[in-house]
Amino acid sequence: MTKTLHLINKAPQHSSALDECLGLILSDPQAHTLMLIEDGVYAALGQADTNQHFLQGLQQSKLPAYVLMEDLEARGISDKVSGVFSLVDYTGFVDLTLKFSKVQSWA
Amino acid sequence: MTKTLHLINKAPQHSSALDECLGLILSDPQAHTLMLIEDGVYAALGQADTNQHFLQGLQQSKLPAYVLMEDLEARGISDKVSGVFSLVDYTGFVDLTLKFSKVQSWA
Amino acid sequence: MTAKKQKILVIIRQAPYSSVLPEAALDIVLTAAAFEQEVSLLFFSQGVLHLLAQESTDSSAMKNISRALPSLELYEVNNILLDREALQANALQEDELLLPAKLLNPVEISAAIAAADQVFNC
Amino acid sequence: MTAKKQKILVIIRQAPYSSVLPEAALDIVLTAAAFEQEVSLLFFSQGVLHLLAQESTDSSAMKNISRALPSLELYEVNNILLDREALQANALQEDELLLPAKLLNPVEISAAIAAADQVFNC
Amino acid sequence: MQSFTLVIYASPQSPSSMTALNFARALLASGHSLYRLFFYQDGVYNACSFQVPPQDEIDLPAAWQALVQEHEIDAVVCVASALKRGIVDTAEAERYELAAANLREGFVISGLGQLIDATLNSDRTLNFLP
Amino acid sequence: MQSFTLVIYASPQSPSSMTALNFARALLASGHSLYRLFFYQDGVYNACSFQVPPQDEIDLPAAWQALVQEHEIDAVVCVASALKRGIVDTAEAERYELAAANLREGFVISGLGQLIDATLNSDRTLNFLP
């Protein structure tokens, strides 16, 4: 058994990736971790209507979840992020990929 | 006042375009018409779970709705289309664009 | 170039850095204005997020169109419209936006589309 | 090229003609098989729609990967997996599919991901 | 008879370029005319002459070129989009000291003003989005 | 110290190419190494030498090239993806009778086998999807 870091790079408005990813991994928070990058960071907007269902699921599951700081800053939303997420910069992103056996990207 | 043909070319799994478009036009079926092309034709799958809500709304609104035959055939799904839609080929598509004052594309 | 005049509605409905379309839309707005067309710009759905001040762009290769928004006035693009529902859905406040804009509900947006001769919905 | 062997899981989750990714995924499968890796192919979510027979492709510039699916056997790619929930969500029947495949539920798919050394999710 | 302008936003690898080509063929077959084709953003790749597509795939740039030349269509490639993506005509190849031009014969490079002109002077303008 | 392979699927106009570049810079800064960069699908446009980007925008192909040359990175461009999109090296330009090559110095064209080899021989393989 290996541990997997899942990368999501699309907003919920542009891809069912986040939904589909969580459908597979929420039940097994030991083996999986979520990270949002690029447009995917919009899913971390704590007050956005579309995110409420997913943020609740994430909180209940205790699945670790990260979001890329640089992509939040570029979009001007770093002060609006849900507390469920840990913020990492690119160096932290590199470190994170090494804590898992593999990285799976979703688009 | 002009009449508008709305073109949707993405499946509901890849874009909120269909949702957003219908949110604007369902209330005014006299001024707007819907046409699905490319990946958008998957929204016409009559039995797909994700389409039920939208197909119901379409039926109730009496908004005219078309789907491009060639794109259904290429995907092997022409026998699975909801009865809410009229099928048109490329020639019909050209004719349709001339029945409206303008065409608005959604991606 | 003819001296005809059209009502052109340009809609930005994609979020910042999500695709090249917002930049493509803004370039159409500026060109249409330069050719003295009657142009309106609507920030719709996730497009409203362009009106947030962005902190840095060094880590992104894509153009930050927010920086170009103030130049809209120079081009005499004064009809800036905003999707009120999208603002609410994203819990954004009017006073944190980069530009003043006219807030529209869905029926008003639908009317703006109906009133236009040509719509670019990028 | 080394003689090492890895478990490679390739996932096709986009519908036919929606993007170049399904074709990209299939090419990875065939190459991994040619290099004698232990490769599995999972049709997930909208990817299950590739298993419908398609009527014509003259009007599309994109490659119809369904036509290449029978060649998977020649490459000894025998571990073909299918997302059972997606089949149901699209109201597809097993007997209308182009290929026989092993139907998996979400827990089994999750296990297949966990068991792989490398995942290409296109 | 009506006149159309088609705006192509996507690369030959995207289904929307093929939709635009099929639509162009159908409108001409119905006796209508093309006022202009405008290649914008990734759409400019449809006007590149360097592609070598596999034999079992449609060569979309060649198909566009055949249509443009047969019907003498005004096929405009947006200059800003093209330069950014490395599609250049002879004049630009010289100006920027590139080894060669790679714009297909039959296409011309011009500005976005040609798009605004087209919406004014054709009966219908359709956008084929990526 | 660990070794990475990055697979770049998107054009320079897509945010994911920039993410890949930022990630590459960060991993090198942390003392890790790049076993290989593999440019696949639209990612091959990152290896084109003809682009003339506007002065106020990042020149991503030039930035990749600088990284590749400074760190002597194995930067492989998928041959099938490249030919289809009109990115050719000198040998291919000759074979297909094109006016010039437009592959940037520092990049090499090769097959998809180089991607499989990379997943076997590097510690982590990351896919930067479009």
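Just the heavy atoms: all of them, side chains too, but no hydrogens, waters or symmetry mates, feed the values below.
A/H6 approaches A/H32 most closely through the heavy-atom pair NE2-ND1, 2.8 Å. The two residues A/D89 and A/E70 have their closest heavy-atom pair at CA-OE1, 3.3 Å. When all heavy atoms of C/S45 and C/D83 are compared, the pair lying nearest together is N-OD2, 2.9 Å.
Inspection of non-hydrogen atoms places A/D39, A/Y42, A/L45, A/Q47, A/A48, A/D49 of residues 34-51 of chain A under 4.5 Å from chain C. Contacts between residues 59-66 of chain A and chain C, counted as heavy-atom pairs separated by less than 4.5 Å, involve no residue at all.
Under the 3.5 Å distance criterion, the side-chain polar atoms of C/E94 are left unmatched by any main-chain donor or acceptor of C/P100. Judged by distance alone, with hydrogens and angles left aside, the side-chain atoms of C/Q37 form a donor-acceptor pair with the main-chain N or O of C/Q6 at under 3.5 Å. With hydrogens and angles ignored, the 3.5 Å screen pairs a side-chain donor or acceptor of A/S15 with a backbone N or O of A/A107. Judged by distance alone, with hydrogens and angles left aside, the side-chain atoms of C/H50 form no donor-acceptor pair with the main-chain N or O of C/R13 at under 3.5 Å.
Options C/L92, C/L49, C/N90 differ in how many heavy-atom pairs under 4.5 Å they form with chain A, and the most are formed by C/L49.
Checked options C/D117, C/N121, C/V29, C/I113; the residue passing with C/L9 is C/I113 (criterion: side-chain contact (heavy atoms from CB on, under 4.5 Å)).
At a 4.5 Å heavy-atom cutoff, A/K10 makes no contact with chain C through either its backbone or its side chain. Heavy-atom distances place the side chain of C/E96, and not its backbone, under 4.5 Å from chain A.
Counting heavy atoms from C-beta on, the side chains of C/I109 and C/I11 never come closer than 4.5 Å. For the pair A/F100/A/T4, no side-chain contact is recorded, criterion being any heavy-atom separation below 4.5 Å from C-beta on.
Between A/D95 and A/K99, none of the side-chain N atoms (NZ, or NE/NH1/NH2) sits under 4.0 Å from a carboxylate O, so this pair counts as no salt bridge.
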